[in-house]
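Report on the following structure.
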Amino acid sequence: MNLLEVNHICKTYGSGETAVNALKDVSFSVPKGEYVAIVGESGSGKSTLLNMLGALDTPTSGKVRIDGKDIFTMKEKELTVFRRRNIGFIFQGFNLIPELTVEQNMIFPVLLDYQKPNKKYLEELLEVLNLKGRRNHLPNQLSGGQQQRVAIGRALITRPSLILADEPTGNLDSQNSSEVIALLKEASKMYEQTIIMITHNNSIAQTADRVLQVMDGVLTDLGRCRE
Amino acid sequence: MRSYLSLIPISAKVRRRQNRMTLLCIIFSVFMVTAVFSMAEMGARMEQARLLEKHGSLSFQGLFSSEMGQSLILIAGVLFFLILIAGVLMISSGMNSIVAQRTKFFGMMRCIGMSREQIIRFVRLEALNWCKTAVPIGLGLGIVTTWGLCAALRFLVGEEFSEIPLFSVSIIGIVSGIIVGVVTVLFAASSPSKRAAKVSPITAVSGNSENGKKVRRSVNTRISKIETALGIHHAASVKKNLILMTGSFALSIILFLSFSVLIDFVNHLMPQSAAAADISISSSDGVNSINNSLADTISSMEGVKQVYGRRSAFDILAGLNGDTTLSGTIDMISFDDFDLECLEKDGMLQRGSNLSDIYGNSHYALATWDRSCSWEIGDKILVGDEELEIAGLLKHDLFSSDGLTGGKMTLIISGETFARLTGETDYSLLMVQMERDATDTNVQAISDTVGNDYRFSDKRDEQTGGTYLAFVACVYGFLAIITLVTVLNIVNSISMSVSARMKQYGAMRAVGMDDRQISKMITAEAFTYAFWGCVVGCGIGLPFSKLLYDFLITEHFSYAVWSFPVSLVAIIILFVVLATVLAVHAPTKRIRNMKITETINDL
C-alpha cells in the first residue's frame, strides 16, 4: 500500500513574463516503509517539492495524499494537527528550540498536543540516539551531530508515518553524517516509517531504497539502488 | 558609494518598516519636549506682558525672573528629564531588537573586513540618520501643537490666558527638542552599538546564530502548557529587554500615579464647587437679618440662575449621645436644597451618609468631621428639647480655613428644620449664581435691589474654573501622550521580539504548533512584561504618590489623607491589559498570514 501519492503537482511563482515554474507536473508514489532520496542541483525544485509533501506550502495545482488523505482539502488547523501527528521534519539547520533541553526538544510535538509523552518510548529513543547522558543539556551545549540527533528524536517522537528530511547532514562532518544516516535508517526500520530525504551527497543517496532526481522542476525516478 | 557609511541611507530605505516605530518614538520625544518648553515660554511671555501692563514700565527684568516663569521652567525641566528617560528606554529597546535581528548582518560586515570601531560608528550614525527625519517632524508637530494650545487657552479658556501669544515660535522649545532627539538617540545607541561590535564573524558563516545565543536556563514545562512556558521564558530570559520593557511600563504607571496627585493638588488649591457663588450677600451684623423675601425677589431678576441662602446659629448648647445636661456647644447652619445637593455633587460627603434624610422638616443633620472627631453617623444630639440624628458626615470642616473642626461640631440642617429649632426664617448669607450670558447691568440691578442694608460682593472674577480646566487638560494631555508613546513602544517591542524569533516560530509551526498556540505564546511573553511593569510601577509609584501627596497636599491641607487609589490602580491595570492585547494583535496576525516556508529557509 502506498503511504504517499503525489499526483500532477505544479508550482508556479509569480505570473506573466516573470513566472517561474518550480515544479512541472510531478507525480510519484512511495510505499509504506520505503526510504527515498531526492537528488538534484541547487534551485532545481527539491525543497519546493518537500515543502508540498509536508504541507508547508500549497501547490498551484495537483494533489498530495498521505495515508489516503488529501492534505490540501484540510483546513489550516486540521492540517497543523495532521502535520504534528503524522509527519516528522528534520532540517539542515537543526532548528531546535534554544531554550528547551534535549528531552524537552524531543517531546515538543507531544507537548503541543497537550499529551504526556510515552516514557518508555522516550527512553528507548534517547538510548538509540545515544543522548541519554545529554538529556538535560541545552542545544548550545551540544555538538552539531548531537543536535541533529535531537532533531531526529523530535521527528520520531510522535511515531509519524512519514519523515521528511532536507539535507540532514548538510551541516555535519563525514563521520557524524554517516552516524546520523545510520540512526535515521535504523529508527525508521524499527518503527516502520517512510523517509524522504533531500541530499547532495551521492554516497548517502546510494544508501536509499530508491532515488528520485529533480531537474528544472521535472522529477525523474532513477530507480532502486540498494538491490 | 563613497564610503562604507553610504550604506546607512540605503539600509534605512530597505528597513523602513522595521525602523518606523523607532522613528515614531524619536518624533514623540522631540514633539513632547518642544511642546512642553514652548508652552512654558509662552506662559512666561504672557506673565511678562501682564506685568508690563500692570507696572506700565519695563521694571520687569528678564523673561524668567518672575516666580511664575521660574516655576514653569522648573516644571518643564522635570518633564524634560522624564521624557528623556522614557525616550532613552523606548529607543534603546527598539534598537536592541534591531541589532539582535541583524546579528548575521553585522557578522557578515565583520567577515568582509569591518572593524569593531567601524561597526560602532555605523550603528551610531545609523541612529543619528533617523534624527534627520524624526527631529524636524517632531519640531513641526511641537510648534503646531503649541499654537493650537495657545489658541485654545486664549479663546476657549480666556480669563488670564487672554494675553497668551499666538503663532510665536519658542527658540528654547526648538533647541530642547533638538537636544532631546540627538541625546536620546546617542544614549540609546551606545549599548546596542557595542553589542553589534561584539558579534563574531563566525555567526555570518555558521548560519546558526540563534542557537549560538547563550541560553543558560531551560524552560519549565511542568507548571504551564508548553506555549505559555515558552512565552514567559522568551520574556524573562533576555534580561536587558525585560528590564527595558518593564521599565517603560513602570515609568508610565509612575507618571500616571504622580500626575493624578497633581490633579488632587489642584482640586484642593482651586476647589471647583457646584455651589460656588458669583455674588454673595451677607448681613452686616453677622446674624440672620437678610429678609427671606429678598431671595425670591432676586431669583426673578434677569440673568439670575440660582439663589440659595444659609442661616446660622452659633454656640448652641447641646448634648451628645445621651448627655441631657447640654454640657457642650455646637454651631448650626441651614442649607437650602440646592446647597445640600451640591454637597453630594462635590463629593463632600463620607461613605454611608444619607443626604435624603436631611431635606424638609426633619430630625436629621449632617455634621462636620476630621480625624480627631469622635462622633459618627447614627449619633444623637440633643439641641434644646429636640433630638437630632447624624445622617451623614462631611469629609472635613467646610467652615474653617484649615478644614479642621477644632473639636467643635457644626451641624448642617435644612432651612425648615432650622426654622423649627430656632424660630428664625431670615438668612445670614445669600448666594447667587448668574447665567453664563449675564451682563454687568444684571449684576448692578441686583446690587441696587440689595441696597446698603447688606454687604454685597461680586465674586465673578474670583472663579478659577478656566485655570483649573486648562491645568487639568494639560495634565491629561501630557498623560495621554505618555500613554500613547508607551503603547507604541510596547507594540514596537513585541513586534521586534517576534521578528527576531521569526525563524524559530517557523520551525515550531512546521513541527505542529498551531496559530492559537503561537498567539498564546506571544501573549504570554507580552503579559510577562506587563505583569512586571505593573508590579514595579505600582511598587514605586504608590509610595511615591503618597510621598507627593503628603508633601503637596497634607502639608497644606491637614484634613486631607492619602488613601490607596483603588479605582486608579484598576484603570491602570485595565489599560495595561488593553495595551498588551493591542500589542499582541498585529504580530500574531503577521505570523498567521505568513507562509511557514517564508519563515524558515531550511525546509
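Computation of the quantities below employed the complete heavy-atom set of this structure, encompassing side-chain atoms and omitting hydrogens, waters and symmetry-equivalent molecules. Chain naming here is simple, since letters A, B, ... match the order of the sequence lines and numbering starts at 1 in each.
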Subject >> 4.5 Å side-chain heavy-atom contact, R84(A) and V511(B) >> reply: no
Subject >> Ion pair check, K595(B) and E76(A), cut-off under 4.0 Å >> reply: no
Original post:
Can you say whether F82(A) sits under 4.5 Å from chain B via the side chain, the backbone, both, or neither, judging by heavy atoms?
Top reply: neither
Original post:
Are there more than 12 heavy atoms of other residues, nucleotides or ligands under 6.0 Å from atom NZ of K63(A)?
Top reply: no
Original post:
Do other residues, nucleotides or ligands put more than 12 heavy atoms under 6.0 Å from H585(B) NE2?
Top reply: no
**OP:** Could you look at R85(A) and say if it's the side chain, the backbone, both or neither that has a heavy atom under 4.5 Å from chain B?
**Re:** neither
**OP:** Work out which heavy atom in Q504(B) is nearest to a heavy atom in P98(A); give both atom names and the distance.
**Re:** NE2-CD, 3.2 Å
Subject >> Over 12 non-hydrogen atoms of neighbours within 6.0 angstrom of CE in M215(A) >> reply: no
Original post:
Do the non-hydrogen side-chain atoms of D514(B) and R83(A) ever get within less than 4.5 Å of each other?
Top reply: no
Subject >> Within 6.0 angstrom of E192(A) CD, more than 12 heavy atoms from elsewhere >> reply: no
Subject >> Over 12 non-hydrogen atoms of neighbours within 6.0 angstrom of NZ in K132(A) >> reply: yes
Original post:
Roughly how far, to the nearest 0.5 Å, is the OH atom of Y114(A) from the CD atom of Q517(B)?
Top reply: 4.0 Å
Subject >> Non-hydrogen side-chain atoms of E99(A) and L230(B) separated by less than 4.5 Å >> reply: yes
**OP:** Take atom CG of D216(A) as the centre, draw a 6.0 Å sphere, and report whether it contains more than 12 heavy atoms from other residues, nucleotides or ligands.
**Re:** no
Original post:
Top residue by heavy-atom pair count (under 4.5 Å) with chain B, among I198(A), D57(A), I87(A)?
Top reply: D57(A)
**OP:** Any chance you could measure M513(B), atom CE, to I97(A), atom CD1, to the nearest 0.5 Å?
**Re:** 6.5 Å
Original post:
Under a 4.5 Å heavy-atom cut-off, does chain A meet the side chain of D515(B), its backbone, both or neither?
Top reply: side chain
Original post:
Short question: side chain of E227(B), backbone of L112(A) - any donor-acceptor pair under 3.5 Å?
Top reply: no
Original post:
If you look at every heavy atom in A510(B) and F89(A), which pair is closest and at what distance?
Top reply: O-CE1, 3.0 Å
